[in-house]
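Within every chain, numbering begins at 1; the chains are lettered A, B, ... in the order of the sequence lines, protein sequences first and strands thereafter.
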Amino acid sequence: MPVNLIDIQNKLNDFSAQARARKEKIAVRHQEVTNLVEAYAHQLDELRERVSQAAESVPRLRCAVPGDEPLTVAVPCPDLPETFTVMAADGSQINPSRHARVEFCVINVAVVKMVRGSGLAPKIFTHSQLLDYDSVFLPGGGMLPEGMVALKRDLREREALAELAGELVPPAVSMTDGPLELYREPQEAGDFDQTLERYLGVLAGLRQRELITLGYVDKPGGDLIARLLELIQLDALELASYTQARRRYAGVSDVSLLSPFLQHPGDRSAVFAIQSEIARRFTGDLTLHFFYLNVGLPGRPHLARVEIPGWVARDPALIGTLQAVLVEQAAMLGTRPYPYILHRAHEEAIVTLLESEHVEEMIVAAFNQRGIPVEEKSYKQYHKDLPKTKTRYQ
Amino acid sequence: MNEIEFGRLLRSGTTGFVVGCRVNQLDAPSFGSLVRVPLEDGYQVYGVIYDIHIEDDGLVRQLITAEDLPEEVLQDNRENRNVPVEIGVMAVGYEKDSRVYHLLPPRPPLSLDSIYLCSPSEIVRFTGAGFGYFRHLLRDRDKPVEELLAAHLMAARSAHIAAENPGWFQAALEELTAALRDDYPRMMCFLGAAGEIDV
């Protein structure tokens, strides 16, 4: 039986009323935060000082930290360089499953490298990694969780960019989809620390090669700026007992706050640093920063969050370059702006269901040749895989 | 002989087949071209291209909404992306043990068989064996048959003139006119198309 649409229909009145009430509540908060953005637009020292105080008493504080630019600034898009390199990496994976005939994990990463001004088709590199059999199993039993596989994939994406970072037409910009900051649910992050160290090493290597690197977040839901301004409202006593689980301005997104200031296509916001437990591990040249960029069309702003390391954030010329590159890339996809090169990397990296089945068959054949016993797939999976079309009249 | 391979077979049947090729191979085949698919010893299937079809996909649909596209993006879509180009071929005969037959092939070619454009001498050899293959072209009324015939005659005429057989074209026209004499609208349509051929 498919979804019972009558049940859904019966719920829609309540559901819509809840949505309206929530949006009205957030609109009130939004107005309060907007007033604060304008009031504190130039009081950057005071804001930084408050974050510093809060970080001492709130263990897992997460918020924006203003830089040297006013909160309401809109920096227009500079001109593109005549020639430059733009690269993107994206990955996908086959997660290990106890329902399959064999336990295995594949990470597939693609890098697309385009030299603008060359007139040539971009070069595409793909790398498929079958993880060691032993690494599919956790020391304490069970299999590698999806979150951990995703973490390994994020690392591989950056490593793949680093491997191709030689002999690039400067300036060179590289990007991945999603934040530069690694974040995983704690319960899924078995050897997170080890992976993070390797990740930081790769980012440092990219910096040495002067390959501008960024993380691109489309339709960002982040509220780091509202979190920052929330702190300014707290007195010392409230700050001491402040917990991010009970937030005053919950639901007020950065995009909603900054959209009125970034009206022109190509405008970027001020650059902020990120205060978070994990961001503290990104030090020196790698300190995490972000800004918002309007990659939309005239009259239809569309803000993306761009995360960059400190060495890029400190250099206005580098920020200008990546701003212009991103705006051009997003414009290539017309009415639904998103960096073309990132989409292409995604297209090249994606593992289809059919490919996943082929890989499994290859592994099963290899095991059979070597006399290694292979189990059946689970009966649950067997029945799920049955053709979905009707085979009889009734 | 310079063989021009331009694609591989996607699917086939007795009366025709569909070939897939990359966009950068598209300069070789054209509407009305005679093609061949060599199979086992001494057996090959001949056909005439009746359709060249370029599919779109989600990305291409989105790209056309952009104001202007850099050359690198155009090249990416033509060289790197799996832009599906499908070429429809109507089977018109076969060759077995060095003899040309204008009959439907006993067995269709198989998936991924290579497709070659016929050279002028191969065109002369196949079309010079009589006009029996015209009935395959005339049979399918869902296709632009009259235009297809004109395109085919134009290509074949050049090959026959180069082979010092200028009379082939006139004989072919008379054969087709006779075949269409009971179908006035189609005949007029064919004559209109054939009139575009520079004689």
**Q.** Contacting region of A/Val115 [heavy-atom separation from chain B under 4.5 Å]
**A.** backbone

(Q) If you count heavy atoms of other groups shown closer than 6.0 angstrom to CZ of A/Arg336, is the number above 12? (A) no

Q: Identify the heavy atoms of A/Ala331 and B/Ala66 that sit nearest to each other, and give their distance.
A: O-CB, 3.4 Å

(Q) Using modelled atom types and a 3.5 Å cut-off, is there a donor and acceptor pairing between side-chain atoms of A/Thr335 and backbone atoms of B/Thr65? (A) no

Q) Is there side-chain contact between A/Leu120 and B/Glu71, with at least one heavy-atom pair below 4.5 Å? A) no

Q | Spatial distance of atom NZ (A/Lys113) from atom CD (B/Glu72) [nearest 0.5 Å] | A | 13.5 Å

Q. Under 3.5 Å, side chain of B/Asn80 to main-chain N/O of A/Ala121, donor-acceptor pair present?
A. no

Q.
Report which part of B/Arg78 has an atom under 4.5 Å of a heavy atom belonging to chain A: side chain, backbone, both, or neither.
A. neither

Q: Pick one of side chain, backbone, both or neither for A/Arg344, based on which atoms fall under 4.5 Å of a heavy atom in chain B.
A: side chain

Q. What's the shortest heavy-atom distance between A/Leu333 and B/Leu63, and which atoms?
A. CD2-CD2, 3.7 Å

Q) Is there side-chain contact between B/Gln62 and A/Met332, with heavy atoms separated by less than 4.5 Å? A) no

Q) Among A/Pro337, A/Pro122, A/Ser118, who wins on heavy-atom pairs under 4.5 Å with chain B? A) A/Pro122

Q.
Within a 6.0 Å radius of atom CD on B/Glu67, are there more than 12 heavy atoms belonging to other residues, nucleotides or ligands?
A. no

Q. Is it the side chain or the backbone of A/Met114 that comes within 4.5 Å of chain B heavy atoms, both, or neither?
A. side chain

Q) chain A: which of B/Asn77, B/Val73, B/Leu69, B/Leu74 shares the most heavy-atom pairs with it under 4.5 Å? A) B/Val73

Q. Does B/Glu55 CD have over 12 foreign heavy atoms under 6.0 Å away?
A. yes

Q) Considering residues, nucleotides and ligands other than A/Glu210, do more than 12 of their heavy atoms fall under 6.0 Å from its CD? A) no

